[in-house]
Amino acid sequence: MTTTLTQTETRPAPTANGSGAFNGHPPGNGDGGRRGPFSNPALIQRYKLGVWVGVGGIVMFFAALTSAMVVRSGLSNDWQPFDVPWILFLSTAVLLVSSFTLEGARRRMIAADWSGVRLWVNGTAALGLVFLACQLLGWQALSARGLFLASNPANSFYYVLTAGHGLHLLGGLLSLGYVWLRVRAPQRWATREAVIEAAALYWHFMDVLWIYILGLLVFWR
Amino acid sequence: MTEVELSPEVSEYTEVHRHPEPKGFIAKWIFSVDHKVIGIQYLLLALVAAFVGMGLSLLVRLRLVWPERSFGILGDLFPVGAPDGVMTPEFYLAMLTMHGTIMVFMVLTTAPQGGFGNYFLPIQIGAADMAFPRLNMLSFWTTFVSFSFLIAAFFVEGGAPMAGWTGYPPLSAVPEAAVQGIGQDLWVVSIAFFCIASLLAALNFIVTTLDLRAKGLTMMRLPLTVWTWFVTAILGLLAFGVLLAAGVLLLMDRNMGTSFFVPGGLVVSDKAIDHSGGSPILWQHLFWFFGHPEVYIAILPGMGVTSHLLATFARKQVYGYKAMVYAIAAIGILGFVVWGHHMFVSGMSPYSAFVFSVLTMCIGVPSAIKTFNWIGTLWGGQIRFTSPMLYSIGFVSLFVSGGLSGIFLGQPTIDLYFHDTYFVVAHFHLIMGVAAIFGMFAGVAFWFPKMFGRWMDEGLGKIHFWCTFIGVYAIFGPMHYLGMLPHPRRYAEFTGVDYLQTGSAGELHYFITIAAMFTITAQFLFLFNFVKSIFAGKPCTEANPWEATTLEWAIPSPPPHDNFGGKVPHIYRGSYDFSLPGAKRDFAMQCNKDEAVYGSAAGGD
Ligand code: HEM
Ligand SMILES: [Cu+2]
């Protein structure tokens, strides 16, 4: 699909859909646009690169919160350790399972079975919602013990970290919604595979991030 | 779709997919996804912010030398802050805070990166747009929301925040301490939005640079402008998340009763504050972990523009291109490990201070490499003293002047004395404030014909350059001396302080205020020149009026939609091939094949 032309040659009329990738890089195709039913590896690469870079930024955000937590816990004697609500382990399990269901969607995508993709994406989103509900129950369990945001710095960090992760996961849910829209009429969207791959990468990162946060809450007391 | 005339400079190209032009005013100019329009939006936002920030600095200077004087109009605008037109000390602090915040975030962080970077990075790498155009639009509008929140802080009850652009707690964290109203809250929210916008933008810049380069454009052939935008984006990606986290915690301390940054036992205005155990120093660490990279976020694009222009107008290759790239990268990396030099007086262990000091000195090395290479680029060149060139040379001068004082401040023992004095004010204004702004002036003057298809007035530009150049030295030069007295910064008045009454401190302050008024007036020359030239400047029909080498000069002025009209040039050489021996002209564009450069027979390298 790539046409290389020199100025001296006569130029053929541009191809109607002359999208091309050279060096594996489509030059400046913007958001992709509509480009026939073929998958576009360059676009997938670009979207995934975007997620990886975004992961860098998010990591710094949570690294900052972590260092604040470590410093704050060592500062004064008002730090009161507490046991995290048991429901967090349930939510962890739910989130892990959701990563597998999203992999199911990817597998259907490779088989070009778009209704299958939609099914698995719906399932993943549902599990994501269950996870968020569990997190809310966790907050409730904590406040039932009389531990509120401002009760104690240990609690403050608990709420901040879980809320921060929850908001990022909400972003993941939105991206699943976007995937859902893109695979409703799959022929039309060259971005569909790229969006799925990117959303999956982000979703798995949410798992890893959550496990890290849980570890922090459980072990840094 | 109109066919785009391709410049004869382009030896070979690749046909790619084209995008339809947007239709209608809103899609074209307001919620545009076109990187060029977004670039101009950023530039305009920065222009407005710069004039607001400048007005505030004038108030600050006026209050310093005429503390009792009444300025009638202020009384009408700010009945609380300036009753009967006389500025209260609180009002002084508020104006100072807003000045710093607007200048650092809304001017120095937007125009060089969001403005010029957005407009020219895709073109210089041969892309039709950024990697994620809609994300790009989102970045700009989030920045706009951030700016609106900041401006709103002037008008809420209790007035604008007073905690300085660094927002140090407990002043910023305890509502009872300074601003009773929501001014400080708006400040934090504004910064948070700004962080989000900058993170999204950084992501876009990084992916674009890595993924959308034209065929043949290897990393080591990138224009130095692109290198600096790229490294700036990496710094932004790693720094703004930290500030965002700090901002969230600060907002909770203010409004939700947490104690991250507020220590226990605090009594404010005879009132015990209900907080315990937090640490203001924790904020300082988080803030400066962001803050030091931030100063390089502000200056790096200016360095890129300067390197680019010095080569172009000296008709020479950039001296030591590779060294320049490594220096940019080294500055980027080292920039993350020196934040402690802002906190030498915070009671840190002398061992940490020593480490931070040594690392800080290390940053001087790549900075010096860059300076030497700029001078090496100028050395023996056939210099064309156009107005963009003058601004670039001004940049080098200011960078050196400001950098030298940095070396002193980087010594903990000296900094104990200089910290929070006018010496620091002089240092960072020369190096960050004014040098970066000279980079922007250079960028505007250089790229104006490309962006608008018209010329700015050269004569006016030169007058503006000399007035500003002399003006800023007149303002900030004497501040070094004031700092040595030492005159503390962030004080609304110096009357009643004995050692500041003797000698020339008072007269110097008058002199500085007069110089500031002069310099500020001169900026209206620039504004006039800019606005007039957009509508009535001499038309520039050439694609490459400066005889420059990079890709933006191979397309019409102003560039068409999609930049290259679906025909992306191939790249054959580095970005600064000036005065090649044996070549037909004294420059070779990046898209010129050797045959085009040397004539078909010769070839070679
Ligand atoms: C040779 C390189 C540099 C060295 C050794 C250096 C050193 C320092 C030190 C030690 C301070 C803290 C002074 C104090 O608060 O007591 C400082 C402040 C500052 N520097 Fe630099 N600096 C250098 C370059 C730069 C550059 C390139 C910029 C910006 C583009 C910059 C911007 C600032 C700013 C904005 C502040 C003051 C922040 C504030 O307190 O409000 N510096 N510098
Ligand atoms: Cu610094």
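Order of the sequence lines sets the chain letters (A, B, ...), proteins ahead of strands, with each chain counted from 1. The model shown is predicted, which means the values in this text are computed figures rather than measured ones.
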Using a 4.5 Å cut-off on heavy atoms from C-beta on, say whether the side chain of A/Met60 contacts that of B/Phe289. yes
Within residues 52-75 of chain A or reaching into it, pairs that qualify as salt bridge (charged side-chain N to carboxylate O under 4.0 Å, His left out) - sequence neighbours excluded: A/Arg72-A/Asp78
Would you indicate whether the side-chain heavy atoms of A/Val53 and B/Leu210 approach each other to under 4.5 Å? no
Minimum heavy-atom separation for B/Leu286 and A/Ser67, please, with both atom names. CD2-OG, 4.2 Å
With rounding to the nearest 0.5 Å, note down the distance linking CZ in A/Phe61 to CG in B/Leu199. 10.0 Å
Could you tell me which portion of B/Leu203 (side chain, backbone, both or neither) has an atom closer than 4.5 angstrom to a non-hydrogen atom of chain A? both
Heavy atoms, side chains only, cut-off 4.5 Å: are B/Met252 and A/Leu149 in contact? yes
Got a sec: does the CG of B/Asp274 have more than 12 other heavy atoms crowding it under 6.0 Å? no
Does any non-hydrogen side-chain atom of A/Ser156 lie less than 4.5 Å from one of B/Leu249? no
Honestly, the part of A/Leu75 sitting under 4.5 Å from a heavy atom of chain B is side chain
Hey, could you give me the CG/CE distance between B/Leu282 and A/Met69, rounded to the nearest 0.5 Å? 13.0 Å
Say you draw a straight line from CZ of A/Phe148 to CE of B/Met256; how long is it, rounded to the nearest 0.5 Å? 12.5 Å
Between atom OG1 of B/Thr258 and atom CG of A/Asn155, what is the distance when rounded to the nearest 0.5 Å? 11.5 Å
Checking B/Leu237 against chain A: side chain, backbone, both or neither under 4.5 Å from a heavy atom? both
Which one of A/Pro153, A/Gly50, A/Gly164 has the most heavy-atom pairs closer than 4.5 Å to chain B? A/Gly50
Over all heavy atoms of both residues, which pair between B/Gly257 and A/Ala150 is shortest? Give the atoms and the distance, please. O-CB, 3.4 Å
Is it true that atom CZ of B/Phe193 has more than 12 heavy atoms of other residues, nucleotides or ligands lying nearer than 6.0 Å? no
Does A/Trp180, at its CH2 atom, have more than 12 non-hydrogen atoms belonging to other residues, nucleotides or ligands within less than 6.0 Å? no
Considering only heavy atoms from C-beta outward, does the side chain of B/Phe132 approach that of A/Arg46 to under 4.5 Å? yes
Do you know which of B/Leu238, B/Ile234, B/Ile125 has the most heavy-atom pairs under 4.5 Å to chain A? B/Leu238
